[in-house]
Amino acid sequence: MSAQPDHAPVTPYAPAPGAPAELLAQLRADQHAEKWVPAFEREWSAALEESRRTFSLTGLYEVVQDWQGRIAHAPAVDAFVASGYDDSDAVDLAELRRRRR
């Protein structure tokens, strides 16, 4: 018999040490750079401050993961917007996240 739990806790994915710098370079080269670079820098600064307070890297990892996802999905989002589809019945995911907290 083992004292180990029957499920393993999910460990946050740890990006490579240079991932934030590479991500920032990608953001600067993107057509959305004017909006995205300041937004990334704000989120990164907030996560860095939280990390200093809590001694946890989770917030920093989450910022990198979120922005990697945004960059990866940007072409699909741009294509959707350019297609002229009506998205007026869409749900604001940011609002849903705020309600869950």
Side-chain angles (χ1 to χ4, degrees):
M1 186 172 261
S2 173
Q4 298 293 328
D6 59 353
H7 65 283
V10 177
T11 307
Y13 151 76
E22 291 172 14
L23 185 59
L24 188 55
Q26 285 180 313
L27 291 171
R28 287 183 174 143
D30 194 274
Q31 66 182 1
H32 303 288
E34 187 176 306
K35 293 180 183 178
W36 283 7
V37 170
F40 172 78
E41 290 174 340
R42 268 192 314 274
E43 290 181 26
W44 182 256
S45 295
L48 192 57
E49 187 57 38
E50 177 187 342
S51 177
R52 288 182 182 132
R53 278 188 296 100
T54 63
F55 298 99
S56 172
L57 299 175
T58 302
L60 295 170
Y61 294 168
E62 289 174 349
V63 170
V64 170
Q65 289 173 351
D66 286 349
W67 281 95
Q68 286 173 335
R70 289 175 186 167
I71 288 175
H73 292 96
V77 172
D78 290 341
F80 177 81
V81 170
S83 70
Y85 284 113
D86 179 19
D87 67 345
S88 61
D89 62 343
V91 176
D92 182 6
L93 294 179
E95 180 63 30
L96 289 177
R97 286 184 189 137
R98 283 191 291 270
R99 289 181 192 169
R100 288 182 24 190
R101 290 182 184 185

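In this text, all values refer to a predicted model and were calculated from it rather than measured experimentally. For the single chain, residues carry numbers from 1 onward in sequence order.
- A19 approaches P15 most closely through the heavy-atom pair CB-CB, 3.7 Å.
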CA sep, side-chain torsions, deciding dist, call: E49, R52, salt bridge (Lys or Arg N to Asp or Glu O under 4.0 Å): CA-CA 5 Å; E49 187 57 38; R52 288 182 182 132; 3.6 Å; yes
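- Interatomic distance, L27 CG to Q68 CD, rounded to the nearest 0.5 Å: 10.0 Å.
- Between F40 and V63 the shortest side-chain heavy-atom distance falls below 4.5 Å.
- The number of heavy-atom neighbours closer than 6.0 Å to CD of Q31, taken from other residues, nucleotides and ligands shown, is above 12.
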From CA spacing to verdict: side-chain contact (heavy atoms from CB on, under 4.5 Å), L24, E41: CA-CA 8 Å; L24 188 55; E41 290 174 340; 4.3 Å; yes
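- Qualifying side chain to side chain contact (heavy atoms under 4.5 Å, CB included) partners for D30, counting only residues two or more places apart in sequence or in other chains: H32, W36.
- For the atom pair CZ of R28 and CG of L23, the computed distance is 10.5 Å after rounding to the nearest 0.5 Å.
- Judged by distance alone, with hydrogens and angles left aside, the side-chain atoms of S51 form a donor-acceptor pair with the main-chain N or O of S56 at under 3.5 Å.
- The CG atom of D78 lies 12.5 Å from the NE2 atom of H73; values are rounded to the nearest 0.5 Å.
- Under the salt bridge (charged side-chain N to carboxylate O under 4.0 Å, His left out) criterion, the residue pairs touching residues 56-74 are E43-R70, with sequence neighbours excluded.
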